[in-house]
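To start, the structure under review is shown below, and the notes come after it.
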Amino acid sequence: MADPVTHRQPSLAERAMAARGEAAAIGYLANLNPEQRAAVETIDGPVLVLAGAGTGKTRVLTTRIAHILASRRAFPGEILAVTFTNKAAREMKERIGHLVGEAVEGMPWLGTFHATGVKMLRRHAELVGLKPGFSILDTDDQIRLLRQLIQAENIDEKRWPARVLAGAIDGWKNRALTPDKVPAGEGGAYANGLGVKLYKDYQDRLKVLNAVDFGDLLLEVIRLFRENPDVLAHYQQRFKFLLVDEYQDTNVAQYLWLRLLAQRQEGRPQNICCVGDDDQSIYGWRGAEVDNILRFDKDFPGATVIRLERNYRSTGHILAAASHLIAHNEGRLGKTLFTDGEDGERPTLTSVWDSEEEARSVGEEIEQLQRQGHALNEMAILVRASFQMREFEDRFITIGLPYRVIGGPRFYERLEIRDALAYLRCVAQPADDLAFERIVNTPKRGLGDATLQLLHDHARARNVPLMQAARVMVETEEFKPKARNALKSLIDAFDGWAAKLDTLPHQELAELVLDESGYTEMWQKDRTAEAAGRLENLKELVRSMEEFENLAGFLEHIALVTDARGEGESDDAVSIMTLHSAKGLEFDSVFLPGWEEGLFPHQRALDESGRAGLEEERRLAYVGITRARRNARIYFAGNRRIHGLWQSTVPSRFVNELPEGHVTIAEGLGTSGYGGMGRGGFGESRFDKAGAFSSTYATPGWQRAQAQKSLADAQGRFTGRSGSQAFGSTFAEGRGGFQGRLTERSGGGRTIDGELVAKSTGEPSRHKVGDRVFHLKFGYGEVVAADGNKLTVQFDKAGEKKVVDSFVEAA
DNA sequence: CCAGTTTTGGTTTTT
DNA sequence: CCAAAACTGG
């Protein structure tokens, strides 16, 4: 631990403290294998840790930080550690806390790239032409703003949708391309060459609005550093150690950002440590450059590269299958995972007739595992595309299997949350035009396009915010009386709220705003299936504000956070999610359906990115398999409904890339009992049934599905989309009753042949024929038949369904 | 301005 | 086929 020359001689006290640190360090270092230990202890100079799946990546990262702290090489504030997600950042903070004990009060510079960017930008906002209170636009604001600019240019919005332009701008920003740097060819691709001009207009407009988008959080910092060497030097000197998680996911902007901070300085080693796995790079399509990790040692000459190949997660066969598959990729650094653990079960390969049978098979296997004592929480279904989820949801509802969809729309993206936030933004920052526009006529106040247009013109002409324009204009005769009055009372309301900003606790203020604005009422009157959930989410939003000191702090947080999960860990439920959102997670049993050409690898990935696309798809497959600790089960169907029509499909090439010796061809569970659909091995099931039926509804799969549907009598638990459960407490709790039921089922319910033998209570239902009822998933409907606790309900939107009594309530 | 209807398009997702 | 967005008529 020789100090670099530039360091002053440590004092005696410091040396004694360091010695204590060293002693404590031995405790945590002892838990590491030699490679991990090397990754932790190689402190000076650039280090790249290639951490295969399940090799203890996070442990290395956190221990390394703990080690730096414990050995007193740096104070917490002198370490910059960046992650991609808030979740990862949170997890790291927690684990460092555990390692170091209470000694460290947090790490101020451990966070996402974006959060770190904001922090720096707020401090130096003026240097890049912003005011410190700048607001952060999300995708939706961004699109609305672009739409205005597109309209201003008189461009046909049908042909050139704003979201396409938003995508293009995003892409440019990912690559750190400012408007002047966009390659001519690309800029011309949008709206006859107006793309770049619009990009520029957009940036100008952002400055006027004192706003930035997500991309700017990186780009503006880069600009800040480049144009202000003193600021850059300040941060370079401050951060003695840089750590980067998931380096394979960095885009060009993030790479440049890091490189500036990590620049070589006189007499000081580049203490940058990047951790990642090129084989798990699955975000190329949103700008990640695998190349960053592939050429790390060129960017940082003299880098130490450490491979973590000892896997602690999966059994031998699973690891072998995954390794063999990924070995088909050419553009990789190459790692060979191994384990000392047992071989375990071979991954299975199951050929099914169609997606319906796929869902049924998976359901049966899950129930079988459950009977063997496996927790549903330890099982996951990982799909390539979210449309695949539906079939599983339907099936699980039918058999009453609790499930949980991970991913879905994120909490903050929900309409009601965004509306509520817009109100709060207007209160906190009256100049926030985009927020104002959003809520000016929500709930309906009779302030339509015409009024808004007038407001816009006025605001634009005087160069003032919309709110200000409105304030002036309500005193004139420019509006029709109706609009004028509506606007007047809205402004008065905002004045009232703003006056209470400093006196009223922000939580109460939020409630007041939502009530007085009529927003809550709007949803109370709404009778659609979602309304109840939306109100629940609004309550949750207010509740979640508790943790923040004031409104501004809360709004800052919310702009950067997309917590997709509050996760009802208490419920035992199977997880359904995309392969992408499964990265970083692990389960005992993993089900991998839909391994068919066109779907996985996805056709579009192949068409748009060719070989690189194929390799990324293969990495996805690798990520999927390596999520499994003990069981990995792969499925492919011979027929799948794509855009409504049945198409026959070919097994994925990835299936054939699995090593024969490490997989088992499933002999079909044979429990289906329906016409003995022999699910033999490869293709067999396709062979004996295809041909006779061309497509459409004549297929046996479809007919059987119909038969099965009418048999399905048990209604599954509604285990809400996780998105609605963000911010801690669950959606289900809010509506009462469901949690209890859930436990009842997981304890006692038995299934035979996939059909839930609903332990019919025999008691007549609370609801009788003709009653109006409400169901969380299907919405409102009318009971058309009742048999004990089983009801047949004609839902207004979802059609006729058989549901268990306990899942509906009187409407 | 709203409700009901037609049209359209339908990988992956974080900040 | 099915959900969301874009239209159209009251």
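A, B, ... follow the sequence lines: proteins, then strands. Residue 1 opens every chain.
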[X] has an atom [atom1]; how far is it from atom [atom2] of [N], in whole Å?
X	N	atom1	atom2	value
Arg604(A)	dT13(B)	CZ	P	14 Å
Lys480(A)	dC1(B)	NZ	P	10 Å
Arg390(A)	dT11(B)	CZ	C1'	17 Å
Glu393(A)	dA3(C)	CD	C1'	14 Å
Arg384(A)	dG10(B)	CZ	C1'	14 Å
Glu597(A)	dT11(B)	CD	P	17 Å
Asp394(A)	dC2(C)	CG	C1'	12 Å
Lys158(A)	dT7(B)	NZ	C1'	12 Å

query = How is Asp216(A) classified with respect to the nucleic acid when contacts are heavy atoms under 4.0 Å: base, sugar-phosphate, or nothing?
reply = nothing
query = Is dT11(B) in the syn range, within 90° of 0, or in the anti range?
reply = syn
query = Are the ring centres of His328(A) and Phe654(A) closer than 6.0 Å?
reply = no
inquiry  = Which is more 5' along DNA chain B, the nucleotide nearest Ala605(A) or the one nearest Thr85(A)? Just name the residue.
reply    = Ala605(A)
inquiry  = Just N and O in the side chain of Arg286(A): are any of them under 4.0 Å from OP1 or OP2 of dT11(B)?
reply    =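 So the side chain of Arg286(A) is outside the cut-off, no N or O lying under 4.0 Å from OP1 or OP2 of dT11(B).
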key: Residue-phosphate contact under 4.0 Å: Ser386(A) side-chain N/O, dT12(B) OP1/OP2   = yes
request  = Determine, for Asp354(A) against Arg641(A), whether the closest basic-nitrogen to carboxylate-oxygen distance falls under 4.0 angstrom.
outcome  = no
task = May I ask you to say whether Asp432(A) pairs ionically with Arg425(A), meaning some side-chain N is under 4.0 Å from a carboxylate O?
result = yes
Using the six-membered base ring of [N], report whether [X] stacks on it, requiring centroids under 5.5 Å and planes under 30° apart.
X	N	value
Trp285(A)	dT12(B)	yes
His602(A)	dT11(B)	yes
His643(A)	dG9(B)	no

Base partner of dG4(B), which must satisfy Watson-Crick or wobble distances under 3.5 Å =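 Per the H-bond distance test, dC7(C).
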dT11(B) pairs with, by Watson-Crick or G-U criteria that keep both distances under 3.5 Å = none
task = Step by step, work out the ring-ring contact (aromatic ring centres under 6.0 Å, His included) result for Phe113(A) and Trp257(A).
result = CA-CA 9 Å; Phe113(A) 277 97; Trp257(A) 190 97; 5.4 Å; yes
key: Donor-acceptor contact present, side-chain Asp138(A) to main-chain Asp140(A), <3.5 Å   = yes
inquiry  = For the backbone of Ala605(A) and the side chain of Glu617(A), can you confirm whether one donor and one acceptor N or O come within less than 3.5 Å of each other?
reply    =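 Side chain of Glu617(A) to backbone of Ala605(A), a donor-acceptor pair under 3.5 Å: no, none is there.
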message = Please pick, from dT13(B), dC1(B), dC1(C), the nucleotide with the shortest atom-to-atom distance to any side-chain atom of Lys444(A).
response =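 Of dT13(B), dC1(B), dC1(C), dC1(B) is nearest to the side chain of Lys444(A).
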message = Checking contacts here: which listed nucleotide (dT12(B), dT11(B), dT13(B)) is nearest the side-chain heavy atoms of Glu617(A)?
response =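 Closest nucleotide to the Glu617(A) side chain: dT11(B).
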C1' atoms of dT13(B) and dC2(C), separation to the nearest Å =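 It works out to 23 Å between them.
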